[in-house]
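Report on one structure; see the data block that follows.
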Amino acid sequence: MELPPDTVLVFDRDEELFVFGSFVHATNWIEAIDVDEGEYAAVYSPDGGVWALTAPEGPEGSVVLARTGSVDLGDLERRVTRYWRRHQTDQLPRDPLQTARFLIEGENNSRRGWLGRVTGLLRRDTAAR
């Protein structure tokens, strides 16, 4: 699976990792109040590009994600390794790119699974009538 070009990896202060396939998806999902309170520790592109996550209008405003121009692949790799050790204990650790693919595919599969179950129930209900 090829990752979307604007994929971002967002780490919270508990070392949980969220991967978004687009900047828009990330900024729509992340709440300004959480950014304002320092909930998110770091944001990267899969190649180690560093992103700044801000809430310039305060806790009630919008979230802005911007490139910083810096690259810190070493820190990204350390954070990904800690993520695997802490949150994916039954899996072998993967590099940042593999991790992003793994999490996006998992999210897509869970959506398809849910939608498939609902569609199946609707079809079964309709066929029973």
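Side chains are part of it too, since the values below use all heavy atoms of this structure and drop only hydrogens, waters and symmetry mates.
Sorted by first and then second residue, the pairs that involve residues 39-49 and meet salt bridge (Lys or Arg N to Asp or Glu O under 4.0 Å), not counting sequence neighbours, are Arg13-Glu39. Contacts classified as salt bridge (Lys or Arg N to Asp or Glu O under 4.0 Å) and involving residues 15-26 (residues at least two apart or in different chains) are given here: Glu15-Arg82, Glu15-Arg86.
At a threshold of 4.5 Å between non-hydrogen side-chain atoms, the residues Thr7 and Val19 count as touching.
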Solution key, residues 56-71 side-chain donor-acceptor pairs under 3.5 Å, sequence neighbours excluded:
{"from": "Glu57", "atom 1": "OE1", "to": "Ser62", "atom 2": "N", "distance (Å)": "3.3"}
{"from": "Thr68", "atom 1": "OG1", "to": "Val50", "atom 2": "O", "distance (Å)": "2.9"}
{"from": "Thr68", "atom 1": "OG1", "to": "Ser70", "atom 2": "N", "distance (Å)": "3.1"}

Does the side chain to side chain contact (heavy atoms under 4.5 Å, CB included) test come out yes or no for Leu3 and Leu97, once each step is laid out?
CA-CA 8 Å; Leu3 287 175; Leu97 191 58; 3.3 Å; yes
Decide side chain to side chain contact (heavy atoms under 4.5 Å, CB included) for Leu53 and Ile30; before the verdict, give the C-alpha distance in whole Å, the side-chain angles of both, and the deciding distance to 0.1 Å.
CA-CA 10 Å; Leu53 186 61; Ile30 295 170; 4.0 Å; yes
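To the nearest 0.5 angstrom, Trp51 atom CH2 is 11.5 Å from Leu9 atom CG. Here CZ of Phe102 is found 10.5 Å from CG of Leu17. Values are rounded to the nearest 0.5 Å.
Here Phe20 pairs with His25, Trp29 under the ring pair (Phe, Tyr, Trp, His ring centres under 6.0 Å) rule; sequence neighbours left out. Evaluation of the ring pair (Phe, Tyr, Trp, His ring centres under 6.0 Å) rule for Phe11 yields no partner, not counting sequence neighbours. Evaluation of the side chain to side chain donor-acceptor pair (under 3.5 Å) rule for Gln88 yields Tyr83 as partners, not counting sequence neighbours. When the side chain to side chain donor-acceptor pair (under 3.5 Å) test is applied to Thr99, the partners found at least two apart in sequence or on another chain are Trp84. Applying the salt bridge (charged side-chain N to carboxylate O under 4.0 Å, His left out) rule to Arg94 yields no partners; only residues at least two apart in sequence or on another chain are considered. With sequence neighbours left out, Arg85 forms a side-chain contact (heavy atoms from CB on, under 4.5 Å) with Thr81. Residues passing the side chain to side chain donor-acceptor pair (under 3.5 Å) test with Tyr40: none are found, sequence neighbours excluded.
Within the 3.5 Å criterion, the main-chain N or O of Ala32 finds no donor-acceptor partner in the side chain of Asp36. Within the 3.5 Å criterion, the main-chain N or O of Asp34 finds no donor-acceptor partner in the side chain of Glu37.
For the pair Leu76 and Ser45, the tightest heavy-atom approach, listed with the atom from each and the gap, is CD2-O, 3.4 Å. For the pair Pro4 and Ile104, the tightest heavy-atom approach, listed with the atom from each and the gap, is CD-CD1, 4.5 Å.
Donor-acceptor pairing under 3.5 Å is recorded for the side chains of Tyr44 and Asp75.
Residues Phe23 and Phe18 share a single hydrophobic cluster, defined by chaining ILVMFWY side chains whose heavy atoms lie under 4.5 Å apart.
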